[in-house]
Protein chains: 2
Amino acid sequence: MEMARSHELVEGDTLRRDFGWALGVVFRAYLKAANEATGTLPGGPRGHQVLEASTRRPPVSQSVIAQEIGIDRTVMTYLLDDLEREGLLTRRPDPADRRSRQVVATDKGVERLEELRALILRAQDFVLQELDEVDRNSLRCLMQRSALRLDSLDPTAPCNVIQDIAAADQA
Amino acid sequence: MEMARSHELVEGDTLRRDFGWALGVVFRAYLKAANEATGTLPGGPRGHQVLEASTRRPPVSQSVIAQEIGIDRTVMTYLLDDLEREGLLTRRPDPADRRSRQVVATDKGVERLEELRALILRAQDFVLQELDEVDRNSLRCLMQRSALRLDSLDPTAPCNVIQDIAAADQA
DNA sequence: TATTGTTATACTCTATAACTATA
DNA sequence: TATAGTTATAGAGTATAACAATA
């Protein structure tokens with residue numbers, strides 16, 4: 001029989017004061033809950049995000065979606081194959097650039113997405129169960145603002161964590 | 001030449017309104033920045049979290065740390081081997097239970113941890129660069145409260161995302 | 001020459017199972 | 001019988017490189 005961990009911090013508990021730790025715990029809990037929520041959907045939570053992206057107007061390309069949800073374009077190929085096989089979306093050539101293919105949800109895909117959203121919201125409530133409605137909205141808003149900023153950065157650029165330290169030491 | 005993504009949401013941009021999407025973006029950005037910050041440390045950000053845990057008093061066991069940072073105990077073995085080989089921590093038998101081993105940071109490990117913390121804070125600043133100091137503290141606090149709650153739950157239990165829906169539909 | 005999407009391959013990471021020693 | 005830690009193996013997931021079509 002193991003003792004349950006306390007919700008409270010104890011003196012010297014530096015791990016659980018770390019933001020990176022909290023982020024990891026919340027992220028893994030979301031993955032677990034969202035995996036339950038998405039059930040048999042190809043790609044699970046990742047498939048849900050692709051479906052969300054495939055309803056955007058004007059339509060976006062495979063590589064844009066891949067970059068936005070943080071996967072490689074080679075992985076996107078297989079994921080779209082699976083979702084297309086289920087009839088949830090289609091790939092169609094971009095009239096403006098024939099190398100590119102636009103990802104568009106089918107009617108069936110939109111229907112499935114409606115159902116998924118209700119379940120995904122449940123998963124989010126599970127993750128944020130500690131917070132009341134006001135705090136949940138604050139957290140969602142702050143996370144979204146942070147994410148939108150990060151999403152707009154050059155994905156190939158380094159974060160300059162080391163460089164900043166060196167510069168700060170010189171000053 | 002590709003157009004940079006806007007920080008602003010557009011009509012129908014349902015993906016970037018999703019909390020799961022924001023969580024993923026922030027988490028991946030943290031991993032990227034923390035990887036830069038931890039440099040040659042075995043295990044990278046994960047190694048940092050083990051070091052944080054290995055300063056706790058009273059000392060904790062390998063399996064407790066593994067559960068807390070979300071990795072398998074079999075992975076923990078290799079990670080501790082690497083950190084111990086660098087002289088950053090030691091494993092010693094728990095006098096109260098000779099099956100268990102306590103993980104304790106060495107003086108060298110504590111020193112290294114001090115340096116790491118400054119760099120890790122830079123990584124966190126990178127991730128939260130969009131927010132001012134007040135909002136950063138709000139976000140950190142809300143995330144920590146959520147994480148402490150989730151950390152106290154039974155890790156083998158399901159999230160009951162589906163069950164809750166069925167119950168709600170009946171009501 | 002650079003980019004999109006595809007495919008095949010190689011690699012890394014993770015999960016599973018088996019084993020020892022303790023409880 | 002159950003648990004902590006270790007080890008070896010298998011599987012899943014990911015990254016790399018090469019290719020065809022297009023810009």
Side-chain angles (χ1 to χ4, degrees), chain A residues 1-5 24 27-28 31-32 34-35 38 41-47 49-50 53-54 58-85 89-104 154-156, chain B residues 1-4 24 27-28 31-32 34-35 38 42-47 49-50 53-54 58-85 89-104 154-156:
Chain A
M1 171 84 75
E2 193 181 330
M3 192 177 64
R5 246 175 315 284
F27 184 70
R28 288 189 296 273
L31 275 193
K32 184 183 172 189
N35 260 306
T38 49
L41 181 77
R46 192 172 278 177
Q49 295 193 343
V50 171
S54 68
V60 285
S61 71
Q62 299 186 188
S63 55
V64 165
I65 299 179
Q67 201 280 324
E68 206 152 64
I69 68 178
I71 66 176
D72 198 87
R73 61 193 173 130
T74 63
V75 177
M76 179 60 74
T77 298
Y78 300 115
L79 185 45
L80 288 176
D81 285 348
D82 294 341
L83 291 165
E84 196 167 29
R85 199 174 301 119
L89 53 79
T90 59
R91 290 185 261 210
R92 61 184 198 200
D94 182 344
D97 183 345
R98 281 163 55 196
R99 294 172 302 181
S100 185
R101 306 175 78 177
Q102 299 175 332
V103 181
V104 182
D154 175 10
T156 65
Chain B
M1 173 81 78
E2 193 181 331
M3 192 178 64
F27 183 69
R28 287 189 296 273
L31 275 192
K32 184 183 171 190
N35 261 305
T38 49
R46 193 171 277 177
Q49 294 193 345
V50 171
S54 68
V60 285
S61 70
Q62 299 186 189
S63 55
V64 165
I65 299 178
Q67 201 280 324
E68 206 151 64
I69 70 178
I71 65 175
D72 198 87
R73 62 192 173 130
T74 63
V75 178
M76 178 60 74
T77 297
Y78 300 115
L79 185 46
L80 289 176
D81 285 347
D82 294 341
L83 291 166
E84 196 167 28
R85 199 174 301 119
L89 53 79
T90 59
R91 289 185 262 210
R92 62 185 197 198
D94 182 344
D97 183 345
R98 282 162 53 197
R99 293 172 303 181
S100 185
R101 305 175 79 176
Q102 299 175 333
V103 181
V104 182
D154 175 9
T156 65

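On a predicted model such as this, the values are computed, not experimentally measured, just so you know.
The interatomic distance linking D82(A) (CG) with dT6(C) (P) rounds to 12 Å, in whole Å. As rounded to whole Å, 16 Å separates atom C1' of dA15(C) from atom CD of Q67(B). With rounding to whole Å, I71(B) atom CD1 is found 8 Å from dT14(C) atom P. To the nearest angstrom, C1' of dT14(D) lies 14 Å from CG of L79(A). Counting to the nearest Å, the P atom of dT14(D) and the OH atom of Y78(A) are 13 Å from each other. Summarising the geometry, the separation between CD on Q102(A) and P on dG5(C) is reported as 10 Å, rounded to the nearest angstrom. At whole-Å resolution of the value, CD1 in I65(B) and P in dA4(D) are 13 Å apart. The CE atom of M76(A) sits 15 Å away from the P atom of dT7(C) (whole-angstrom rounding).
Looking only at side-chain heavy atoms (C-beta outward), V103(A) and P59(A) stay at 4.5 Å or farther from each other. Side-chain atoms of Q62(B) and V50(B), non-hydrogen and from C-beta on, never get closer than 4.5 Å to each other. Residues L80(A) and I65(A) have side chains not in contact (no heavy-atom distance under 4.5 Å, counting atoms from C-beta outward).
Between the OG atom in S54(B) and the CD atom in E84(B) there is a gap of 11.0 Å [rounded to 0.5 Å]. Atoms CZ and CG, from R91(A) and D81(A) in turn, are 4.5 Å apart once rounded to the nearest 0.5 Å. Note that CD of Q102(A) is 13.0 Å distant from CG of L89(A), once rounded to the nearest 0.5 Å.
Contact annotation: T74(B) does not reach the phosphate of dT6(D) (side-chain N/O to OP1 or OP2, under 4.0 Å). At dT4(C), none of the side-chain N or O atoms of R91(A) fall inside 4.0 Å of OP1 or OP2 (strictly under the cut-off). Proximity of S100(A) to the phosphate of dT22(D): no side-chain N or O atom is located under 4.0 Å from OP1 or OP2. A sub-4.0 Å separation between OP1 or OP2 of dT14(C) and a side-chain N or O of R46(B) is present.
Of all non-hydrogen atoms in V75(B) and I71(B), the two that sit nearest each other are CG1-CD1, 4.2 Å.
Of the listed nucleotides (dT6(C), dA15(C), dT7(C)), dA15(C) has the atom at the smallest distance from the side chain of D72(B).
Using a 4.0 Å heavy-atom criterion, one finds that S61(A) contacts the sugar-phosphate atoms exclusively.
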Give me the distances for all protein-to-nucleotides 19-23 of chain C N/O pairs that come in under 3.5 Å?
| from | atom 1 | to | atom 2 | distance (Å) |
| --- | --- | --- | --- | --- |
| dA23(C) | OP1 | R98(B) | N | 3.0 |

